[in-house]
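Some notes on the structure that comes next.
Both backbone and side-chain heavy atoms feed into the values below; hydrogens, waters and symmetry mates do not. Residue numbers start from 1 in every chain, and the chains themselves are labelled A, B, ... in the order their sequence lines are given, proteins ahead of strands.
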Amino acid sequence: MYLDQSAEDGAAVKRCLNGDAAAFEVLVGRYQPIMFNVALRMLGNYEDARDAAQNTFVKAYEKLGTYDPERRFFSWIYRILMNECLNLRRRPATEQLVDTEAAVSDSSDADTVEAAERKRDVRQAILSLSPAYREVIVLRHFASLSYEQMSEAIGVPTKTVKSRLHTARQQLAGELAVWMHR
Amino acid sequence: MNPFPTRNDELLHAALDGEMSPEERIEFEQWLEGDVGARERFEAMQRLTSIVDDVGVVAAPPDLAAATVREISLRKTSDLRNEPSARGGSVMARKAMIGLAAAAAVVLVTFSITGYPPTGKGTEGTIGQANRYQAPQPQMSASDVKLGDTAVQEFLQSDVFDRLIKDENARKLLSDASVRAMLADTSLTQSLRDQSVSRALSDDSLKQLMANDAMREAIANDATGRAFGDAATLRALSDGATVRLLADPAVQRALRDAGVARAVNAAAQVRGASVEAAKKAANNDASMAKALRDPALMAALRNDAAASLLSNQALALKFADPAFVAALKDSAVSAALRSEALPRALAVDNVRLLVSSDAMRQAVTAGLLGRAMASEALSQALQKDAFARVLMAPRFAAALGN
């Protein structure tokens, strides 16, 4: 899902800063799926994910002048998204980490009951991880980022990415043992 | 659980993620060949990554890109508006409509909370329906508006307000004489000056609500418009319970939902609903706010059949009943609302009549029905006409009330 189009992104940002606002629409179209999916897996709530993704693009547009073209556009906008997710999670505990995907997704129509249950359990297990561990699972499995891309996006060394991925998978294996042995 | 991966752990994850160099692959395969436990670990991790990947990606909301671009466009418009050269001659007109848009916002929020517009007896006499759109529209001036609250004015000088005055339908409604008359009512201005209302009016959720196409249709709706001139509406707006509701984040989130907006629009078609019931609903603020916080209820409201049900006057009255609202929080009722069968069943006229009956209300309130509704068998049975006829039998209704 991850789109590594640094040159095209840089050109679009430049056009946008030169007054061609339509160029930003290209960036929105390109990164909307990944932004929404990362937010959905980090927040576990469809509507919150939608808000986070939209707010991210609006803020990115407003702060476009601060973007460093030496960095990947995704890494820059990803940090904005994580801040939005943090803001949305600063809510009363009862409203957090509610998996609403089943209520809004139509994918369950084609699933068997068992597959639907398994997916629900996996989503919940991911939500139960601490944000640092959840982040690497989400970026690896739902955004298909490489270790190096994850390292740049998160802002930690590759070694740390590997370590977090190892621990996160160990924790998930514990949570999902019943499904792994079927 | 060791947080520090060994060399073999690193190789195992690198293999899973396709991040191996040729040299590492040779090292990894040698390890697997000489260690049965390593192979089992690798296979277990492969199963784990497989079931995680199987969750898959979700399509982004279809209108997300368009909504984002629109929001960005509005920000740009707002920036331009702050430049003297772009202000042009519209500034006076904007000032003149400040109060009108404020009234629209508050009344619409109230409708969303109460579930229907309080278009009670006497409304028609107050407004003068026949001449509503036919009469020459008087030119408004700044003197028509006597609002002093800075926060309210800030909101009304926002993008939302800008959009409102550019919308022909909204402009027509907001320039209506009856709406202007409402502004003269002291209870409304008191409500607008309340800090909670000001905060609610400046909240992003409300801005998004006002940008919602369905809600804009509701603004232009004739039935909605009639309620603007209703004195009882004004009294409801000055009610403390309404004010507290407006400030509730859960309520504001609910209001921006397109499904709720549709439900409000559908509800706006209801004629002759009780004004007193509207006030009663507003006074149930805590229960209603909690009910609106329930994702299951929100999912139900998005359903057209459920929205249609909400436009049923009898059911609207039941929403004014604290016990009925409390029943919505019941986990069994929530589960039933989530079921796919229920909305289909609600579309059947007989079932809708049944739900509106007093006996059914009592059953819901008692929590008994909620548990029954959670049953898949009952959900399926509800879709069958014969079963619906049985449910409608007076003796069955009496039994439910027992």
Which is it for B/Val52 and A/Phe142 under the side chain to side chain contact (heavy atoms under 4.5 Å, CB included) test, yes or no, and what are the steps along the way? CA-CA 9 Å; B/Val52 172; A/Phe142 300 101; 4.1 Å; yes
Rounded to the nearest 0.5 angstrom, the CD1-NE2 distance for B/Ile51 and A/His141 is 10.5 Å
Honestly, the part of A/Val58 sitting under 4.5 Å from a heavy atom of chain B is both
Between the NE2 atom in B/His13 and the CZ atom in A/Arg169, the distance rounded to the nearest 0.5 Å is 6.0 Å
Okay, B/Ser50 and chain A: the region with an atom under 4.5 Å from a heavy atom over there is neither
OH (A/Tyr147) and CD (B/Glu10) are apart, to the nearest 0.5 Å, by 9.0 Å
Applying salt bridge (charged side-chain N to carboxylate O under 4.0 Å, His left out) to B/Asp63 and not counting sequence neighbours gives A/Arg50
Minimal heavy-atom distance between B/Met45 and A/Ala173, with the atoms involved, is CE-CB, 4.0 Å
Next item on the list: Any chance you could lay out the side chain to side chain contact (heavy atoms under 4.5 Å, CB included) test for A/Leu165 and B/Asp17, step after step, and finish with the verdict?
Entry: CA-CA 10 Å; A/Leu165 204 48; B/Asp17 296 323; 3.3 Å; yes
_Under the criterion side chain to side chain contact (heavy atoms under 4.5 Å, CB included), I'd like the reasoning laid out for B/Val69 against A/Phe57: C-alpha separation, chi angles, the key distance, then a yes or no._
CA-CA 9 Å; B/Val69 170; A/Phe57 285 117; over 6 Å; no
Between A/Asn37 and B/Val58, is there a donor-acceptor pair closer than 3.5 Å when you use the side chain of the first and the backbone of the second? yes
Check: Do other residues, nucleotides or ligands put more than 12 heavy atoms under 6.0 Å from the CD atom of B/Gln46?
Finding: yes
All heavy atoms of A/Tyr46 vs all of B/Ala60, minimum pair found to be OH-C, 4.5 Å
Separation between CD (B/Glu19) and CD (A/Glu148), nearest 0.5 Å, reads 9.0 Å
Interatomic distance, OH@A/Tyr31 vs OG1@B/Thr68, rounded to 0.5 Å, equals 15.5 Å
Interatomic distance, CG@A/Leu172 vs OG1@B/Thr49, rounded to 0.5 Å, equals 11.0 Å
### Side-chain donor or acceptor of B/Glu71 paired with backbone N/O of A/Gln54 under 3.5 Å
no
Worksheet item: Is there a side-chain contact between A/Met35 and B/Leu64, using heavy atoms and a 4.5 Å cut-off?
Response: no
